[in-house]
Amino acid sequence: MTTAVPNAVRYTEPILGWYAEHARDLPWRAPDATPWGILVSEVMLQQTPVARVLPIWRRWMERWPTPAALAAEPSGEAVRAWGRLGYPRRALRLHACAVAITERHGGQVPSSYEALRELPGIGAYTAAAVASFAYRQRHAVLDTNVRRVLARLIGGVEYPPRSQTAAEVALAESLLPHDAPTAARWSVAIMELGALVCTARNPRCVDCPVLAECAWQRAGRPAYDGPPRRGQAYAGTDRQCRGRLLAVLREADGPVEKAALDVVWSDPIQRERALDGLIADGLVDPLEDGRYALPS
DNA sequence: AACACGTGGGA
DNA sequence: TTCCCAAGTGT
C-alpha cells in the first residue's frame, strides 16, 4: 500500500525550497557555465572535495575553455594542470574525453546519457549528472550524497550499503519529478542537501527541510551497525609511491633522469613496480634516452 | 565482486 | 595523531 501523500509534497517541495535558499553559488552552476565546464567539474569532483577543485577548475577552464582547446595539447599538459587533485588518471581520461568529443561529436559535449556514458572516465553517475545539470534532463543522479540522504530519509539507517544496489536506483528513479527541468533541479538539490546538511559525520539535522519526514530521525537516529565501512591504508602503498613519482615529473619543466625518480622512494622493488604501473597507465612516458617525461 | 587508484583537511 | 572521507570509474 503506497502512501496517499504524493512524494512531491513530502520530499520534493521542501528540498527544492531549501535548495533555492541555501545552494552554494559554485562557478559550474552559474548561468553561463558550459556543458564542457560542467563535465570538467564532475570529473574533478569525483572523490574530491569542492574546495580543492575550485582553483584547479578555474585555471583549467581559462586555459581550455572548449574540448577542442584541450584536445590540441599533449595529454601530459592535462596531467600537469591536474596538480595535486589526486587520481591523475582522471586527467588523462578528461583529455581523452576532449579528443573524443572533438572527433566524434563535432566539439560539442553530447547530451544523451548513452553517448556520455561511452566517453572515457564517464560512468553511470557522471553521465547522469552531465545530462541533468548541463542539459536539464531527467535522470536518477545517484552519488554518495544522494545515497546517504535516501538511506536516512527513506531507509531509516545511518549509511547506505557499501556498494550501490538496484533498489537504490529504483528508489531514486521513483522520487524523480515528472517534469525534466524540475527533475534536474531536484537532483542537484538532494545532492546539495547531502553535502551541506545530511553529512556523513555530524549531520545538521536541525537545518534539514525534511526532518519531519526522516525515517532515521523517527527511529531515533540509530548508529550504523554493519561491517566496517572503510580502511584504506595509504602510507607505504604503491599508490603513495606512484604519487611521489608523478609529482617529480609534474614539477619538472621537462624530462627527468631516472635518478631524480629514485630519490623519492627507497624500496627499489616497489619503486620499479609503481613506475611500470604509471607507464602502463599512460601517465609516464619512458624516453629513448633513458629519461622519463609526462606523456605527449 | 572486490580492488586499485591520490590527496589533504577536519574531527 | 590517527582515522575518516570527499559529486566514482575501470578492471
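None of the values given here were measured: they were computed from a predicted structure. Chain A is the first sequence line, chain B the second, and so forth, proteins listed ahead of strands; every chain is numbered from 1.
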Q: Just call it for A/Arg93: base, sugar-phosphate, or nothing, with non-hydrogen atoms closer than 4.0 Å on any strand.
A: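 Sugar-phosphate, backbone atoms only, no base.
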Q: Report the distance from atom CG of A/Asp238 to atom C1' of B/dC5, rounded to the nearest whole Å.
A: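 After rounding, the gap between these two atoms is 10 Å.
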Q: Round to the nearest Å and state the distance from A/Asp143 atom CG to C/dA7 atom C1'.
A: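 About 5 Å, once rounded to whole Å.
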Q: Students often get this wrong, so: under 4.0 angstrom with heavy atoms, is A/Arg24 touching a base, only sugar-phosphate, or nothing?
A: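 Contact class for A/Arg24: base.
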Q: How close or far is atom C1' of B/dA4 from atom CD of A/Gln270, stated in whole angstroms?
A: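 My rounded result for the distance is 14 Å.
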Q: Mind checking A/Ala124 for me? I need base, sugar-phosphate or nothing, with any heavy atom below 4.0 Å counting as a touch.
A: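 Since only primed, P, OP1 and OP2 atoms lie under 4.0 Å of A/Ala124, the category is sugar-phosphate.
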Q: With respect to the side chain of A/Trp28, which nucleotide from B/dG6, B/dT7, C/dA7 is positioned closest?
A: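 Closest nucleotide among those given: C/dA7.
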Q: Here's a test of your reading of the structure: between A/Gly243 and A/Arg201, which maps to the more 5' nucleotide of DNA chain B?
A: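 The answer here is A/Gly243.
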Q: Hey, does A/Ala200 reach any base, or is it just sugar-phosphate, or nothing, if we go heavy atoms under 4.0 Å?
A: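 If one applies the 4.0 Å heavy-atom cut-off, A/Ala200 turns out to touch the sugar-phosphate alone, with no base involved.
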Q: Suppose we call a contact any N or O donor and acceptor under 3.5 Å apart; does that hold for the side chain of A/Thr144 and the base of C/dG8?
A: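 Under the 3.5 Å cut-off, the side chain and the base do not form any donor-acceptor pair.
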Q: Look at all strands and tell whether A/Leu85 reaches a base, only sugar-phosphate, or nothing, counting heavy atoms closer than 4.0 Å.
A: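 The answer is base, as A/Leu85 lies within the cut-off (heavy atoms under 4.0 Å) of a base atom.
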Q: Got a donor-acceptor pair under 3.5 Å from the side chain of A/Arg89 to the base of C/dT9?
A: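 Such a pair does not exist between side chain and base.
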Q: Using the C1' atom as the point on both nucleotides, what is the distance between B/dA1 and C/dG8, in whole Å?
A: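 Approximately 16 Å lies between the C1' atom of C/dG8 and that of B/dA1.
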Q: Any base atoms under 4.0 Å from A/Ser41, or only sugar-phosphate, or nothing? Heavy atoms, all strands.
A: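 If one applies the 4.0 Å heavy-atom cut-off, A/Ser41 turns out to touch nothing in the nucleic acid.
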Q: Does A/Gly123 or A/Tyr159 map to a spot on DNA chain C nearer the 5' end, using the closest nucleotide for each?
A: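 The residue closer to the strand's 5' end, by nearest nucleotide, is A/Tyr159.
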Q: Whole angstroms only, please: what is the CD-P distance between A/Glu118 and C/dT9?
A: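 Roughly 15 Å, once rounded to whole Å.
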Q: Provide the distance between the two P atoms, one in B/dC3 and one in C/dA7, to the nearest whole Å.
A: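 Nearest-Å result for B/dC3 against C/dA7 at atom P: 23 Å.
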Q: Name all residues meeting the side chain to side chain donor-acceptor pair (under 3.5 Å) criterion together with A/Gln240; count only those two or more places apart in sequence or in a different chain, and write none if there are none.
A: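 In terms of side chain to side chain donor-acceptor pair (under 3.5 Å), with neighbours along the sequence ignored, A/Gln240 is linked to no residue.
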Q: Please check if any side-chain donor atom of A/Arg93 sits under 3.5 Å from a side-chain acceptor atom of A/Tyr87, or the reverse.
A: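 There is no such pair (donor and acceptor under 3.5 Å, judged by atom type) between the side chains of A/Arg93 and A/Tyr87.
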Q: For A/Arg242, which contact category applies under a 4.0 Å heavy-atom criterion: base, sugar-phosphate, or nothing?
A: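 Sugar-phosphate contact only - A/Arg242 comes under 4.0 Å of backbone atoms but never of a base.
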Q: Would you mind checking if A/Asp276 and A/Arg273 are paired as a salt bridge, meaning a charged N to carboxylate O distance below 4.0 Å?
A: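 No, this pair does not count.
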Q: Using a 3.5 Å distance criterion without hydrogens, assess whether the side chain of A/Arg80 forms a donor-acceptor pair with backbone atoms of A/Arg250.
A: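 Looks like yes, one N/O pair under 3.5 Å.
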Q: Say you pick atom C1' in B/dG6 and the same atom in C/dA6; how far apart are they, in whole Å?
A: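 Their C1' atoms lie roughly 12 Å apart.
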Q: If you measure from the P atom in C/dT1 to the same atom in B/dG8, how many Å do you get, rounded?
A: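 Per the computed distance, 16 Å lies between those P atoms.
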Q: Is there a side-chain contact between A/Tyr234 and the phosphate of B/dT7, meaning an N or O under 4.0 Å from OP1 or OP2?
A: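 Checking A/Tyr234 against B/dT7: at least one side-chain N or O falls below 4.0 Å of OP1 or OP2.
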Q: Report whether A/Tyr113 and A/Leu116 are members of the same hydrophobic cluster (ILVMFWY, side-chain heavy atoms less than 4.5 Å apart, transitive linking).
A: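 Different clusters: A/Tyr113 never reaches A/Leu116 through Ile, Leu, Val, Met, Phe, Trp or Tyr contacts under 4.5 Å.
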Q: For A/Leu249 and B/dG6, what is the distance between atoms CG and P respectively, to the nearest whole Å?
A: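 That distance rounds to 13 Å.
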Q: Over all strands shown, is A/Leu39 touching base, sugar-phosphate only, or nothing at heavy-atom distances under 4.0 angstrom?
A: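 Here A/Leu39 touches no strand at all.
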Q: Touch check for A/Arg148, heavy atoms < 4.0 angstrom, all strands: base, sugar-phosphate only, or nothing?
A: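 Result for A/Arg148 = sugar-phosphate.
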Q: Side chain of A/Arg148, backbone of A/Cys198: donor and acceptor closer than 3.5 Å?
A: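 The answer is yes, because a donor-acceptor pair under 3.5 Å joins these two groups.
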Q: Between C/dT9 atom P and A/Tyr125 atom OH, what is the distance in whole Å?
A: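 Atom OH in A/Tyr125 sits about 8 Å away from atom P in C/dT9.
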Q: Calculate the interatomic distance between A/Phe133 atom CZ and C/dA7 atom C1'; express it in whole Å.
A: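 Atom CZ in A/Phe133 sits about 8 Å away from atom C1' in C/dA7.
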Q: Provide, to the nearest angstrom, the distance between the CZ atom belonging to A/Arg90 and the P atom belonging to B/dG6.
A: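 Value for this atom pair: 9 Å.
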Q: Within the structure, does a side-chain N or O atom of A/Thr48 lie under 4.0 Å from either OP1 or OP2 of B/dG6?
A: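 No.
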Q: OH of A/Tyr292 to CG of A/Leu283: how many Å apart, nearest 0.5 Å?
A: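 Spacing of OH (A/Tyr292) from CG (A/Leu283) equals 15.0 Å.
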Q: Distance check: side-chain N/O of A/Arg84 vs OP1/OP2 of B/dG8, anything under 4.0 Å?
A: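 Answer yes for this pair, as a side-chain N or O of A/Arg84 is under 4.0 Å from OP1 or OP2.
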Q: Give A/Trp82 one of three labels, base, sugar-phosphate or nothing, depending on what nucleic acid heavy atoms sit under 4.0 Å from its own.
A: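 The residue A/Trp82 makes no contact with any strand.
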Q: C/dG8, OP1 or OP2 - any side-chain N/O from A/Arg117 closer than 4.0 Å?
A: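 False: A/Arg117 side-chain N/O out of range (4.0 Å or more) of C/dG8 OP1/OP2.
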Q: Is A/Gln46 near enough to C/dA7 that one of its side-chain N or O atoms lies under 4.0 angstrom from OP1 or OP2?
A: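 So the side-chain polar atoms of A/Gln46 never come under 4.0 Å of the phosphate oxygens OP1 or OP2 of C/dA7.
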Q: With DNA chain B as reference, determine whether A/Gly83 or A/Ser163 sits nearer its 5' end, using the nearest nucleotide of each.
A: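 Its nucleotide being nearer the 5' end, the pick is A/Ser163.
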